[in-house]
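Structure record follows, encoded as structure tokens.
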Amino acid sequence: MRFLRKNDYSLLGDTFKKASEFQQDFLKDNKLSDYSWSSNPLHQWSRYFEYPFVINAIDSVNKKNLSILDYGAGKTFLPFFLLQKKHDVICYDVVDYSDYYENTPIGFTKSLKTIDKKIDVAYSVSVLEHTEDPVAEISNIYNLLADDGIFIMTFDVDCRGDLSISLDNLQKVTIFLNDHFDEISYFKDIDVSIYFPFLLTIL
């Protein structure tokens, strides 16, 4: 587990540039002005690091046709960016965004129980701090992963006490992760860790 500084995004500059170019073209045909979170996801808050981080982590698997779960997907360009890399993407969110993914190869579900296959890669970008029980959510994702699957997760640690991952709950999350995942090295030039089958950054 590592703490990342916001300016560390420069270490992923090449990936950020590719993602930015893709999003720029994507937004020409897919308006997000009605999306409550952001009409420009890549440049919102810490996403300019998180999304390139996720992309690089998935690229490091060095395989095509991966089965990928976007946990807490919302409405962004990222599943479509992964789709053009020849991956099979399923999006999950408690809010019904099925219209957004309608008539695309990307699947959408409001219930993880509808997913009837093992997942090669699952990622969650700044979602778990907004859930009632982060450990339970991680457990649900863990149960969907293939034996050699990877979980890429970023979340905010809350020092104010108004989000789920407070400093107290961080300890519970850490215990669960240590009990269920093994750490391997990742990104030689970036001071972060990848847990196998999961990668965690705390922003």
(request) Find out if a path of hydrophobic residues (ILVMFWY) with successive side-chain heavy-atom gaps under 4.5 Å connects V127 to V95. (result) yes
(request) Assess whether side chain to side chain donor-acceptor pair (under 3.5 Å) is satisfied between S98 and D96, documenting all intermediate values. (result) CA-CA 6 Å; S98 56; D96 188 357; 2.6 Å; yes
(message) Does K63 have more than 12 heavy atoms from other residues, nucleotides or ligands lying within 6.0 Å of its NZ?
(response) no
State, with a plain yes or no, whether a side-chain heavy atom of [X] is found less than 4.5 Å away from one of [Y].
{"X": "N30", "Y": "F80", "answer": "no"}
{"X": "I138", "Y": "L128", "answer": "yes"}
{"X": "H43", "Y": "S20", "answer": "yes"}
{"X": "I90", "Y": "K117", "answer": "yes"}
{"X": "L177", "Y": "M153", "answer": "yes"}
{"X": "L27", "Y": "F77", "answer": "no"}
{"X": "T104", "Y": "L83", "answer": "no"}
{"X": "L32", "Y": "Y100", "answer": "yes"}

(request) Before giving the answer on side chain to side chain donor-acceptor pair (under 3.5 Å), spell out for T15 and N56 the whole-Å C-alpha distance, their side-chain angles and the decisive distance to 0.1 Å. (result) CA-CA 7 Å; T15 306; N56 265 30; 2.4 Å; yes
(message) As an exercise, state the distance from CG of L112 to OH of Y92, rounded to the nearest 0.5 Å.
(response) 5.0 Å
Is a salt bridge present between [X] and [Y], judged by a nitrogen-to-oxygen distance below 4.0 Å?
{"X": "D59", "Y": "K85", "value": "yes"}
{"X": "R47", "Y": "E50", "value": "yes"}
{"X": "D25", "Y": "K28", "value": "yes"}

(message) Determine whether the aromatic ring centres of residues F108 and Y101 are separated by less than 6.0 angstrom.
(response) yes
(request) Going by the side-chain contact (heavy atoms from CB on, under 4.5 Å) test, name the single residue among I119, V61, I68 that passes it with I150. (result) V61
(request) List the atom of Q23, the atom of N40, and the distance in Å for their closest heavy-atom pair. (result) NE2-OD1, 2.6 Å
(request) Kindly write out the residues that satisfy side chain to side chain donor-acceptor pair (under 3.5 Å) with N62, not counting sequence neighbours, or none if the list is empty. (result) none
(message) Tell me every residue that passes side chain to side chain donor-acceptor pair (under 3.5 Å) with Y51, counting only those two or more places apart in sequence or in another chain.
(response) none
(message) D70 vs Y123, test: side chain to side chain donor-acceptor pair (under 3.5 Å). Steps then yes/no.
(response) CA-CA 5 Å; D70 184 330; Y123 66 85; 2.6 Å; yes
(message) Classify the ring geometry of F26 against F22: parallel below 30°, tilted from 30° to 60°, perpendicular beyond 60°.
(response) parallel
